Amino acid sequence: MGKVKVKKSDVWIDMTPMSDVMTLLLTFFMLTSTFVKNEPVKVNVPGSVSEIKVPENGVLTILVNPEKDAAGNPTGEGQVFMSIDNTEQLGETYSAMFPGASALELDVFTREGTFGIPMNEMKTYLSMSTDQRHKVLPTKGIPLDSIDGGMSEFQMWVDAARNVNENIKIALKADATSPYKTVKKVMNELQDMDESHYYMITNLKASEE
């Protein structure tokens, strides 16, 4: 008896709906995602059991990092840097600190993820290339010493940011190895400005019994 030949037919699946869904998902994630800027200053925050979340928008973040010498050894001092998540407010803050700033300065400054250069060195810093700025920034920091008995540069930056956005939230992000005296100095300067409410950024860890 001869074998019955089964007629083979090609299976065709319409992939158009799947392609449409993938395109929509990709577009959604691109429009809703927040791109992380490169941070020349890396801060390893300590752990805690607090579950209070830092707001996602309208935040002035203060970074406290341990200073290191040319050999990479801690000097016992701390450095202070800042970042503002809103690019428009960041530019307005810079304009308040440096009236008459050029469009080029504003463009370079707002593209930086973190700032922390003494005011008298800022224009020279912004004229450098991106690679040069990323090498110079970790060696600097915003001065905490008062100017002629008045506000320090740190306080001037905070005050300018508050004037741009009166509802701005302040978050303190200190490295786990940062000198306590520097962190305490930052807290004292905020308190002198009647800023006693701010967030502490930490890594969440399991509570210990």
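For clarity, every value in this text was computed on a predicted model and none was experimentally measured.
Formation of a donor-acceptor pair under 3.5 Å by the S95 side chain with backbone atoms of G91 is found in this model. Between the side chain of Q89 and the backbone N or O of N86 there is no donor-acceptor pair closer than 3.5 Å. D85 places a side-chain N or O within donor-acceptor distance of the main-chain N or O of V59, the cut-off being under 3.5 Å.
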Show your working on side-chain contact (heavy atoms from CB on, under 4.5 Å) between Y198 and K169 and close with a plain yes or no. CA-CA 7 Å; Y198 45 83; K169 304 296 188 299; over 6 Å; no
Under the side-chain contact (heavy atoms from CB on, under 4.5 Å) rule, what do F81 and V64 come out as? Steps first, then yes or no, please. CA-CA 7 Å; F81 304 89; V64 183; over 6 Å; no
Check against side chain to side chain donor-acceptor pair (under 3.5 Å), T177 and D175: CA-CA 5 Å; T177 59; D175 191 278; 2.7 Å; yes
Using side-chain contact (heavy atoms from CB on, under 4.5 Å), reason through E195 and Q155 one step at a time and then give a plain yes or no. CA-CA 11 Å; E195 283 289 353; Q155 292 175 320; over 6 Å; no
Before giving the answer on side-chain contact (heavy atoms from CB on, under 4.5 Å), spell out for T23 and T27 the whole-Å C-alpha distance, their side-chain angles and the decisive distance to 0.1 Å. CA-CA 6 Å; T23 302; T27 303; 4.3 Å; yes
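By the criterion of side-chain heavy atoms lying less than 4.5 angstrom apart, applied directly or through intervening Ile, Leu, Val, Met, Phe, Trp or Tyr residues, F28 is not grouped with L24; the two fall into different hydrophobic clusters. There is no path of hydrophobic side-chain contacts, each under 4.5 Å, that joins V164 to M193.
Atom-to-atom distance recorded for T114:OG1 and L137:CG is 6.5 Å, nearest 0.5 angstrom. How far OH of Y199 is from CD1 of I170: 11.0 Å, rounded to the nearest 0.5 Å. Between the NZ atom in K140 and the CD atom in E121 there is a gap of 4.0 Å [rounded to 0.5 Å]. To the nearest 0.5 Å, atom CG of residue L106 and atom OG1 of residue T87 are 12.0 Å apart. In this structure, CD1 on I84 lies 5.0 Å from CG on L60, to the nearest 0.5 angstrom. Atoms OH and OG1, on Y94 and T110 in that order, are 10.5 Å from each other to the nearest 0.5 Å.
Scanning both residues, K135 and T139, for their nearest heavy atoms gives O-CG2, 3.8 Å. Taking every heavy atom of both residues into account, M97 and M156 meet most closely at SD-O, 3.5 Å. Smallest separation of non-hydrogen atoms from P66 and Q79: O-OE1, 3.6 Å. Residues A160 and A96 share a closest heavy-atom pair of CB-CB, 4.2 Å. Nearest heavy atom pair, residue E67 against residue T75, reads OE1-OG1, 2.8 Å.
Under the 4.5 Å side-chain criterion, counting only non-hydrogen atoms from C-beta, L90 is in contact with F115. Side-chain contact between E112 and Y125 is present, with at least one heavy-atom pair separated by less than 4.5 Å. Side-chain contact between R133 and V108 is present, with heavy atoms from C-beta onward closer than 4.5 Å. In this structure, M151 and S146 have side chains that are not in contact, with every pair of non-hydrogen atoms separated by 4.5 Å or more.
Each of V158, T93, L63 was checked for a side chain to side chain contact (heavy atoms under 4.5 Å, CB included) with M82, and the lone residue meeting it is V158.
Other residues, nucleotides and ligands contribute more than 12 heavy atoms inside 6.0 Å of the CE atom of M119.
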Donor-acceptor list for residues 179-191 side chains, cut-off 3.5 Å, not counting sequence neighbours:
unit_1, atom_1, unit_2, atom_2, d
K181, NZ, E77, OE2, 3.0
T182, OG1, G78, N, 3.2
N188, ND2, K184, O, 3.4
E189, OE1, S152, OG, 2.5

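Not counting sequence neighbours, E88 has no partner by the side chain to side chain donor-acceptor pair (under 3.5 Å) test.
Listed by first and then second residue, the salt bridge (charged side-chain N to carboxylate O under 4.0 Å, His left out) pairs involving residues 97-109 are E105-K123, D107-R111 (not counting sequence neighbours).
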